[in-house]
Amino acid sequence: MHLEVERHLVKDKLLTALKVVISLALIVYLFSRVDLAEVGSVLASAQPGYLLLALLLYLAAIVLNAVRWQVLLRAQRIAVPLRALLEYTFVGVFFNNFLPANVGGDVMRGYGLARYTDRGAEAAVSVLVDRIVGLMAFMTSAVVAALIAVRTTGQTNLRQFALAAAITLGVVGLGFLFLLSRRLRAWLERLFRWRPLERLAPLYRRLSDAFDAYRHSTSALALAFVIGLVMVFLTNFVNWFLAEALGGGISLLHICLFNPLIALVLLIPISIGGLGLNQSAYVFFFGLVGVPERLALAVSLLLQLIIYVSSLPGGVLWWRDRRIRQI
């Protein structure tokens, strides 16, 4: 048992080191492609008023994430004050962006809620459903934005992005329907009759029962989806305000198209808090519509700063809670 724990720790450290290497490699590669003096000049011209608006909108999106989570928890008849959900959400944001360990923000959100409610299965499922609904909102936004872009600008090459977003939306939607289907979940439960998985059968049943709460909660799911669309709208304007802070040069329509796709790319867990991967995605996607690399990189760096600053309250809350538990 001790050896198994040690192996797990070594594996985590190796994965973390790999993520650090990938993040640094991507940053070095991007910086080698652009004139850093030009990027610095662009960043130095940033207007503080727009940066403040971007920060406030980003914080508003985090708050809406907690509101959406509360809507989904009510569908499970779990009453949790918004204040508590805000704390767990900000802590999750902090873990996503600052700590290099293999402990994601969603895990920390679920852990905090499980301690508060003593209902671990329901907490885990609520976090998963929250992530699924949010992803569906982002992909829906990407499909609509791509179709509008093709129709209004004539850029037919953007159809492939509409197709990619539509396929992702379909896959995520079908996967969610699978999770909500009693028949399919009952079929999957047969796997837990296999002796090596027998011990996990009770946990699977609790998780399955937690998903059951959403089968007839269409109004809650619809409301959560609408809140997700509003969050996409806010993050689109975060990016637009950052571009405007640097003098403009990126259309809101293209931001509405690429912002959800970049969010999808950032789900790939190969870097530390998206550092490097985020910048690469900005340069690649916006380069397709003629945005200069220095501007795309500058906007992504400002967004990274906004993300880090908005994560700080989560670090304070986590440290405070840790100190209280140690007393």
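Note on D35 versus R294: no salt bridge recorded, every NZ/NE/NH1/NH2 to OD/OE distance being 4.0 Å or above. Salt bridge absent: R206 and D209 never bring a charged side-chain N and a carboxylate O closer than 4.0 Å. The pair R109-E87 fails the salt-bridge criterion, with no side-chain N (NZ, NE, NH1 or NH2) lying under 4.0 Å from an Asp/Glu carboxylate O.
How far CD1 of I307 is from OH of Y58: 4.0 Å, rounded to the nearest 0.5 Å. Rounded to the nearest 0.5 angstrom, I306 CD1 and F241 CZ are separated by 11.5 Å. Of the inter-residue distances, the one linking L180 atom CG with I132 atom CD1 reads 8.0 Å to the nearest 0.5 angstrom.
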Would N236 and S141 count as a side-chain contact (heavy atoms from CB on, under 4.5 Å) if you check the C-alpha gap in whole Å, the side-chain angles of each, and the deciding distance to 0.1 Å?
CA-CA 10 Å; N236 287 341; S141 174; 4.3 Å; yes
Could you walk me through whether V91 and Y111 pass side-chain contact (heavy atoms from CB on, under 4.5 Å), step by step?
CA-CA 11 Å; V91 169; Y111 172 73; over 6 Å; no
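Following chains of ILVMFWY side-chain contacts shorter than 4.5 Å, one can reach L26 starting from F31, so the two form part of one hydrophobic cluster. Cluster annotation: L312 is connected to F90 through the hydrophobic network of ILVMFWY side chains, with a link wherever side-chain heavy atoms come within less than 4.5 Å.
Taking the centre of each ring, F95 and W318 come in below the 6.0 Å mark.
The shortest side-chain heavy-atom distance between I22 and L18 falls under the 4.5 Å cut-off. Counting heavy atoms from C-beta outward, I62 and S310 have side chains that approach closer than 4.5 Å. Proximity of N259 to F138: side-chain heavy atoms (C-beta onward) are separated by under 4.5 Å at one or more points.
A donor-acceptor distance shorter than 3.5 angstrom exists from the side chain of S181 to the backbone of L184, with no hydrogens or angles considered. No donor-acceptor pair closer than 3.5 Å links the side chain of R74 to the backbone N or O of A79.
The aromatic rings of F237 and W240 lie perpendicular to each other, with more than 60° between the two planes, well past the 30° mark.
Annotation for Y29: atom OH does not count as buried by contact number, only 12 or fewer foreign heavy atoms lying within 6.0 Å.
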